[in-house]
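The next block holds one structure in the form of structure tokens; read it before the comments.
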Amino acid sequence: MQESYDPAAVERAAQQYWDQRRAFEVDEDTSRPKFYCLSMLPYPSGRLHMGHVRNYTIGDVLARYLRMQGYNVLQPMGWDAFGLPAENAAISNGVPPARWTRQNISHMRAQIKSLGFAIDWRREIATCDPDYYRWNQWLFLRMLANGLAYRKTGVVNWDPVDQTVLANEQVIDGRGWRTGAPVEKREIPMYYLAITRYADELLEALDALSGWPERVRVMQANWIGRSEGCEIAFPYAPDTVRLVGANGALKVFTTRADTLFGATFLAIAAEHPVALAAARHDAALAAFIEECRHGSVNEAELATQQKKGLPTGLHVLHPFTGQPLAIWVANYVLMAYGEGAVMGVPAHDERDFEFALQNALPVTTVVRSARGAYEAVRAPWVPAYAEYGITVNSGEFSGLEFREAVDAIAAALERKGLGRKRVQYRLRDWGISRQRYWGCPIPIIHCGACGAVPVPEAQLPVLLPEDLVPDGSGNPLAKSPQFYECTCPECGQPARRETDTMDTFVDSSWYFMRYACPDAAAAMVDARVQYWLPVDQYIGGIEHAILHLLYSRFWTKVMRDLGMLDFGEPFSNLFTQGMVLNHIYSYQPADGRKRYFNPVDVEVRRAADGAALYEAVTDELGTVPLIHEGLGKMSKSVGNGVDPEGLVARFGADTARLFIMFASPPEQTLEWSDEGVQGASRFIRRLWHAVYEHVAAGTVAALEPAALSAAQRELRRAAHQTLAKATDDIGRRRNFNTAIAAVMELLNSIQRFADASAQGRAVRQEALSLAVLILSPITPHVCHALWQALGFSSALIDEPWPRPDAAALAQETHSMVVQVNGKLRAHINVAVQADEAAVRAAALADQHVQRFIAGKAVRRVIVVPGKLVNVVV
RNA sequence: GCCGACGUGGUGGAAUUGGUAGACACACUAGCUUGAGGGGCUAGCGCCGCGAGGCGUGUCGGUUCGAAUCCGACCGUCGGCACCA
């Protein structure tokens with residue numbers, strides 16, 4: 001054993017050992033329980049950042065820990081390789097996305113390998129490989145055949161200058177990110193997956209996902225957004241019938257049918273067919289609708305923006321009173337939710353109230369509080385009353401409680417054929433069409449005669465050409481005749497291939513199944529999936545709490561219903577790691593695009609008034625002033641990632657792993673700082689030295705527990721207590737930081753323990769061995785070396801997780817705390833077996849306690865066994 | 001706006017079931033080590049006080065023998081809210 005710790009050499013040797021032994025390659029084995037430990041696959045953005053390191057270290061600690069617990073552990077890795085950044089990179093440096101992506105993968109693979117994760121690399125997949133994405137296409141066609149996929153028009157953001165569709169994130173303040181042109185909304189045909197058909201199951205099954213964090217389940221439930229309410233039809237008044245040209249009714253959805261008699265107007269979305277019809281004869285209305293079309297589709301903005309609206313001049317009739325109600329077009333009504341129309345009840349809805357106030361619409365109070373005096377809502381002095389109460393002014397439905405009123409009104413509407421109870425979801429079907437190049441082609445052929453025809457299964461995959469270079473305007477596939485020219489599979493006439501590709505969330509909705517059978521050539525998945533799945537522990541960022549996890553759950557249920565699986569939930573346990581944040585600095589020239597600077601390149605200066613000034617030195621522009629945009633998740637898009645490579649080169653992978661695990665509890669957001677990395681490095685070196693000095697002193701005698709001195713027993717107890725705590729912290733609580741702190745305390749005890757006797761050395765040997773075993777999932781390389789140095793002939797990787805020795809943990813006396821009136825006054829040492837009376841007597845006899853109770857009457861003594869005594873005087 | 005978290009030393013954090021607040025580290029201070037270094041070791045380190053002691057977990061109130069932990073109100077910070085991955 002070398003005297004000084006050389007992380008590079010230690011890590012090289014350990015990794016070589018694992019590679020040669022193929023230590024992490026696993027196959028199905030029914031003799032042991034299986035454990036599928038999965039970290040979310042990375043997008044190959046180019047370089048790893050500390051967020052990745054945190055994610056994969058958590059996964060690796062668990063994988064290695066469970067392996068030691070005797071499980072057959074699978075930990076795979078792959079690449080979420082399609083997506084927008086590859087196209088952006090292509091636009092700025094002219095490299096085809098395929099080449100850029102594959103280069104990034106090979107660089108990041110080497111970075112991941114350098115960290116020593118226990119991964120079965122035989123199973124690596126990249127979602128841009130045809131052998132993978134052909135099955136996206138295949139399942140899409142199966143869904144199409146089963147009515148789970150369908151085509152309809154959808155709204156997209158359109159950049160009129162670049163003639164291209166923009167992702168929401170490419171729209172900044174309503175303008176295209178590259179051109180600065182105001183973004184328009186356009187309707188184009190798209191493919192949708194019918195996730196809403198699974199809304200109920202996706203919601204109800206959440207209750208059974210006890211291995212998921214509560215907050216994720218709440219977020220998903222809110223996202224699905226089930227509301228029970230009524231659909232109500234307001235028959236068209238004659239003016240509307242004249243315009244729309246048919247007898248009909250305007251349907252609304254409401255959860256407050258009890259307020260139906262308080263409806264004083266109807267509000268419809270700008271895209272509503274009635275609004276469009278009315279706008280044909282009304283220039284002002286047409287202009288308003290156009291204005292709404294430019295607005296955001298973002299619900300957060302919709303909820304806070306100023307309520308605006310215009311009357312259509314048209315009317316509907318109240319289903320019970322027959323009274324005409326004006327139809328307004330309002331910007332706060334979403335076409336995509338419910339019926340795209342709401343009944344306006346200003347007295348009992350705050351949005352309607354605000355709208356009515358602005359537009360001088362009548363307010364009719366129809367609900368009163370169950371307690372307190374009746375007071376009519378009167379804008380603006382008496383605000384809307386949105387609580388449940390007792391109906392008033394509602395004809396035959398007056399005097400009812402909320403539930404009774406809804407039931408009675410719904411029943412009456414149903415008799416009239418003007419409404420019914422219905423469940424409405426906020427969840428919408430999943431639009432998967434993307435007008436982009438770098439994604440999985442949607443396997444459809446458009447024929448002038450036969451329409452949209454599925455590509456026959458035998459012709460799959462529809463290969464994505466890999467040599468195109470996008471230029472920022474439109475989709476290169478749509479400009480590539482070699483791709484889109486084809487013949488119709490049904491009639492043989494010339495036809496045009498679909499040039500839209502799939503949302504990359506499709507790729508990540510089932511990759512975890514393909515890891516089980518990455519080489520299955522004849523099927524999407526085979527029997528091996530039944531062995532490995534569901535994933536026993538999934539680990540990833542909280543930012544995926546909704547979309548990725550919901551889509552994966554949906555996709556799994558679809559595959560189950562198509563007879564391919566016998567389980568419906570893909571992830572039994574979910575661990576959501578906190579994000580790793582870093583500062584974001586940008587430079588915004590008056591005429592040009594915003595640039596981001598990595599915090600390591602930023603200089604801070606103090607202005608005369610003490611304010612901080614941030615600047616960076618550039619080659620082209622010299623020193624430029626920067627804007628500090630605050631903290632954000634490490635990502636390529638804001639240039640604030642910290643690459644672990646420097647840390648690994650200087651301190652080694654073990655220090656990087658130890659540091660990130662020690663810095664904070666893993667589910668918590670972590671503001672990046674490398675202060676403290678010294679401490680992690682120092683600790684490993686101290687452990688190395690402790691083992692070195694221990695080993696250098698020669699051979700070690702066998703431990704004889706019965707022959708130990710008090711001090712020896714104490715160190716031994718400390719070692720086994722540390723093991724018990726670390727087992728609980730890692731195995732149950734997943735609090736790696738406190739497990740590490742416990743081992744640090746143990747090492748402190750070992751170093752204070754200066755006992756060179758035979759049994760002293762035997763106790764130290766055991767304590768050091770336990771420390772190495774406990775740390776091995778976290779810092780596997782150095783522990784591999786230290787295990788050998790401690791003289792064990794077996795490899796550490798094959799060691800089982802140790803169990804604390806009950807005899808070592810036992811103690812005769814323990815310390816208890818004595819409080820007087822809840823304030824700490826003394827510590828006493830009592831026998832473990834001492835009964836309550838003895839403890840009480842010992843506490844009262846203590847001289848410090850006596851000082852505080854002298855001359856006072858003891859009113860009560862509370863004894864908490866093993867912990868404390870509280871004397872109340 | 002809605003939904004959901006979270007507020008503890010100079011810093012990261014610990015306190016797992018209501019029972020010793022500040023474990024373990026970082027930074028800092030002093031001292032030691034005649035090998036210069038992001039080296040090693042020892043001691044100190046919540047605030048006030050010479051001390052005894054008092055005060056202290058965002059603020060105010062409550063429950064309790066006892067509250068960082070439970071309850072109520074308030075203040076603040078962060079996250080999510082349908083084409084980033």
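Computed from a predicted model, the values in this text were never measured in an experiment. Here is how names work: the chains are called A, B, and so on, in the same order as the sequence lines, proteins then strands, and each is numbered from 1.
Among A14(B), U16(B), C26(B), the nucleotide with an atom closest to any side-chain atom of R732(A) is U16(B). When the nucleotides C24(B), A85(B), G79(B) are ranked by their closest atom to the side chain of M579(A), G79(B) comes out on top. For R686(A), the side-chain atoms get nearest to A25(B) when compared with the rest of A25(B), C65(B), C3(B).
For the residue pair T196(A) / D429(A), a side-chain donor-acceptor distance below 3.5 Å is found, with atom types taken as modelled.
H544(A) comes within 4.0 angstrom of a base, heavy atoms only. Among the atoms of the strands shown, base atoms are found under 4.0 Å from some heavy atom of W223(A). Using a 4.0 Å heavy-atom distance criterion, Y337(A) is classed as making no nucleic acid contact. Using a 4.0 Å heavy-atom criterion, one finds that H827(A) contacts the bases of the nucleic acid, with or without backbone contacts as well. Counting any heavy atom pair closer than 4.0 Å across all strands shown, M190(A) reaches a base atom. No engagement by N735(A) is indicated, since no non-hydrogen atom pair under 4.0 Å with the nucleic acid exists. P665(A) comes within contact range of the sugar-phosphate backbone alone, with a heavy-atom separation under 4.0 Å but no base atom that close. L427(A) comes within 4.0 angstrom of a base, heavy atoms only. Residue-level contact check: F683(A) touches neither bases nor backbone, having no heavy atom under 4.0 Å from any strand. R734(A) comes within contact range of no nucleotide atom at all, as no heavy-atom separation falls under 4.0 Å. Within 4.0 Å of V864(A), counting heavy atoms only, lies at least one base atom of the nucleic acid. Across all strands, Q819(A) comes closer than 4.0 Å to base atoms (heavy-atom distances).
Taking atom C1' on both nucleotides, G40(B) is separated from G4(B) by 49 Å, rounded to a whole Å. Nucleotides G22(B) and C74(B) place their P atoms 33 Å apart, quoted to the nearest Å.
Within the 4.0 Å cut-off from OP1 or OP2 of A25(B), not a single side-chain nitrogen or oxygen of Q678(A) is found. Distances shown here put every side-chain N or O of K633(A) at or beyond 4.0 Å from the OP1 or OP2 atom of G80(B). One finds a side-chain N or O of T504(A) lying less than 4.0 angstrom from the OP1 or OP2 phosphate oxygen of A85(B). Taking side-chain N and O atoms only, N737(A) has no distance below 4.0 Å to OP1 or OP2 of G12(B). Applying the 4.0 Å criterion to OP1 and OP2 of G4(B), one finds that R217(A) has every side-chain N and O outside that range. Using a 4.0 Å cut-off, no side-chain N or O of R436(A) falls inside it from OP1 or OP2 of A85(B). Neither OP1 nor OP2 of C6(B) sits under 4.0 Å from any side-chain N or O of R215(A).
Each of Q751(A) and I862(A) has a nearest nucleotide on RNA chain B; the 5'-most of these lies closest to Q751(A). Comparing R860(A) and R682(A), the nucleotide of RNA chain B nearest to each residue sits closer to the 5' end for R682(A).
The aromatic rings of Y5(A) and W688(A) are tilted relative to each other, their planes meeting at an angle between 30° and 60°. Note: Y538(A) and Y511(A) have tilted aromatic rings, judged against thresholds of 30 and 60 degrees for the angle between ring planes. Between H52(A) and Y56(A), the angle of the ring planes stays under 30°, which puts this pair in the parallel group of the 30/60° scheme.
In this structure, the ring of W430(A) has its center less than 6.0 angstrom from the ring center of Y551(A).
With respect to E214(A) and R217(A), a salt bridge is recorded, a charged nitrogen being found less than 4.0 Å from a carboxylate O.
Following rounding to the nearest Å, I224(A) (CD1) and C2(B) (P) show an atom-to-atom distance of 22 Å. Whole-Å rounding puts the N821(A) CG to G66(B) P distance at 8 Å. One can place CD1 of I546(A) at 14 Å from C1' of A5(B), the figure rounded to the nearest angstrom.
One donor-acceptor pair, N or O on each side, does fall under 3.5 Å between the base of C65(B) and the side chain of N870(A).
Side chains of P42(A) and M77(A) form a contact here, defined as non-hydrogen atoms less than 4.5 Å apart.
In this structure, G9(B) shows a glycosidic angle within 90 degrees of zero, which is the syn conformation.
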